[in-house]
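By convention here, the first residue in the shown sequence is residue 1.
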Amino acid sequence: MRVALVASSLLLVASSATAQLNSLARASGKKYFGSATDNPELTDAPYVKQLGNTRDFSQITPGNSMKWFATEPSRGNFTFDGGDVVVNLAKKNKQIVRGHNCVWHSQLAPWVEAGNFDKPTLTSIVKEHCYTLVKHYKGEIWDVVNEPFNDDGTFRETVFFNTTGTSYITTALRAAHAADPGAKLYINDYNIEGLGPKSTGMANLVRQLKKDRVPIDGIGVQGHLIVGQLPTTIRENLQAFADLGVEVAITELDIRMTLPVTPEQLEQQRKDYQTVIAACKAVKKCVGVTVWDWTDKYSWVPGVFAGEGAPCPWDENFVKKPAYYGIVDGWKQ
């Protein structure tokens with residue numbers, strides 16, 4: 001009996017040591033661990049091979065090819081070629097797709113703002129766009145509304161809010177649900193990782209949507225973070241969102257640092273990744289984590305934040321960084 005017990009313990013340790021990010025997420029009761037990608041990267045064969053490694057990734061988010069500028073460049077003219085490439089790759093690998101996104105003020109087709117549409121017309125445009133997009137990609141998870149809030153918890157003044165008030169959110173969610181009643185529908189935003197006014201704004205919105213019986217299934221917590229500057233209330237905030245009766249997902253995780261990279265920053269980054277993953281693990285309704293690409297080679301950060309970068313779990317040469325093992329330890333914690 002003792003020999004059998006020792007053998008089984010050794011097997012458990014060995015399997016834990018060799019398990020990878022998605023394997024560990026699933027063992028922790030989560031639905032997936034995934035990565036964003038973008039179409040230009042898909043010409044890089046070694047990159048694509050690792051992206052299709054379902055031991056690490058069982059979910060993919062198209063970074064740009066489902067956004068409004070790409071899918072409805074002129075009114076009523078829908079183009080799905082870029083998104084189809086990513087979805088077909090995911091299907092080939094039996095990976096989940098997270099649709100991203102239906103309504104966002106940024107990367108918007110210019111005609112939406114230039115048209116100076118009145119409320120009924122813009123409402124109809126939002127409805128048609130969301131319905132058509134979600135119907136084409138039926139069977140997926142969706143970030144239906146992206147970044148509707150300011151950091152103080154008030155609603156962001158966009159062409160949608162300025163023209164329709166908050167009703168565009170209801171319109172988008174109802175249209176997405178009509179297109180695919182089985183899809184999980186999320187509202188997604190950044191700087192809602194910890195407790196604070198923006199998280200409160202999100203919670204109040206979701207609470208009102210549920211009261212009004214508007215279909216809403218989840219809150220997407222983006223997770224664009226900075227090394228050594230994580231909120232201290234991530235777990236508590238994820239739980240507060242879950243207590244609203246919705247799923248929670250970490251949808252765009254990366255943790256950037258000031259360049260050049262130092263051993264000290266890499267170690268802190270490892271700890272920070274572990275903290276985020278452990279917070280998701282601790283909240284039952286936190287269903288999964290997506291990194292905003294898996295390698296520094298294709299990170300968006302250096303192009304947006306001058307002097308910052310190296311936010312991903314693998315470096316530019318596809319070598320695992322300490323951050324990778326921080327994720328492992330977070331799932332094991």
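Counting heavy atoms from C-beta on, the side chains of Asp315 and Thr295 never come closer than 4.5 Å. In this structure the side chain of Asn77 never reaches within 4.5 angstrom of the side chain of Glu72, judged on heavy atoms. Annotation: side chain of Thr37 is not in contact with side chain of Pro62 (no heavy-atom distance under 4.5 Å). Two residues are said to be in side-chain contact when any heavy atoms from C-beta on lie closer than 4.5 Å; Met66 and Val97 meet this criterion. The shortest side-chain heavy-atom distance between Lys30 and Cys280 falls under the 4.5 Å cut-off. Using a 4.5 Å heavy-atom cutoff, the side chains of Pro231 and Leu225 are in contact. Looking at heavy atoms from C-beta onward, Val246 lies out of side-chain contact with Asp217 at the 4.5 angstrom threshold. Inter-residue side-chain proximity for Val214 and Ile216 is flagged as unmet; no heavy-atom pair is nearer than 4.5 Å.
Ion pairing between Arg98 and Glu140 fails under the 4.0 Å rule for side-chain N and carboxylate O. In summary, Glu247 and Lys285 do not engage in a salt bridge, as defined by a charged side-chain N under 4.0 Å from a carboxylate O. In summary, Glu316 and Lys321 do not engage in a salt bridge, as defined by a charged side-chain N under 4.0 Å from a carboxylate O. Using a cut-off of 4.0 Å between Lys/Arg side-chain N and Asp/Glu carboxylate O, Lys198 and Asp189 are scored as salt-bridged.
For Tyr325, there are no ring pair (Phe, Tyr, Trp, His ring centres under 6.0 Å) partners two or more places apart in sequence or in a different chain. Residues passing the side-chain contact (heavy atoms from CB on, under 4.5 Å) test with Asp81: none are found, sequence neighbours excluded. The side-chain contact (heavy atoms from CB on, under 4.5 Å) test applied to Ala109 returns Trp68, Trp111, Val112, not counting sequence neighbours. Scored by the side-chain contact (heavy atoms from CB on, under 4.5 Å) test, Cys130 finds Cys102, Val103, Val126, Ala172, Ala175 as partners (sequence neighbours excluded). Tyr131 pairs by the ring pair (Phe, Tyr, Trp, His ring centres under 6.0 Å) definition with nothing, not counting sequence neighbours. Remark: His105 engages no residue in a ring pair (Phe, Tyr, Trp, His ring centres under 6.0 Å) (not counting sequence neighbours).
For Tyr137 and Phe80, the ring centers are positioned less than 6.0 Å apart.
Annotation: Lys119, atom NZ; neighbour count of heavy atoms from other residues, nucleotides and ligands within 6.0 Å does not exceed 12.
Hydrophobic cluster membership of Ile226, counting Ile, Leu, Val, Met, Phe, Trp and Tyr whose side-chain heavy atoms lie under 4.5 Å apart directly or via other members: none, as it forms a cluster of its own. Chaining together hydrophobic side chains whose heavy atoms lie under 4.5 Å apart places Trp300 alongside Trp292, Val301, Val304, Phe305. Membership of an apolar cluster is not assigned to Val319, as no side-chain contact below 4.5 Å to another ILVMFWY residue is traced. Through direct or relayed side-chain contacts under 4.5 Å between Ile, Leu, Val, Met, Phe, Trp and Tyr, Leu195 connects to no other residue.
Annotation for Val287 and Ala249: closest pair CG2-CB, 4.2 Å, computed over non-hydrogen atoms.
Each of Lys49, Lys297, Gln50 was evaluated against Phe318; a single residue qualifies, Lys297, per the side chain to side chain contact (heavy atoms under 4.5 Å, CB included) test.
Side-chain atoms of Thr121 and Asp118 form a donor-acceptor pair, as typed in the model, at a separation below 3.5 Å. Side-chain contact, Asp84 with His136: a donor N or O sits under 3.5 Å from an acceptor N or O. With 3.5 Å as the limit, one finds no donor-acceptor pair spanning the side chains of Asp56 and Asn22. Side-chain contact, Gln59 with Thr61: a donor N or O sits under 3.5 Å from an acceptor N or O.
Applying the ring-ring contact (aromatic ring centres under 6.0 Å, His included) definition to pairs two or more places apart or across chains, those involving residues 164-200 are Phe160-Tyr168. Counting only residues at least two apart or in different chains, ring-ring contact (aromatic ring centres under 6.0 Å, His included) contacts with residues 37-56 comprise Tyr47-Trp294, Tyr47-Tyr298.
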Item to complete: Could you check Trp331 against Tyr324 for ring-ring contact (aromatic ring centres under 6.0 Å, His included), going step by step and ending with a plain yes or no?
Response: CA-CA 11 Å; Trp331 289 131; Tyr324 178 97; over 10 Å; no
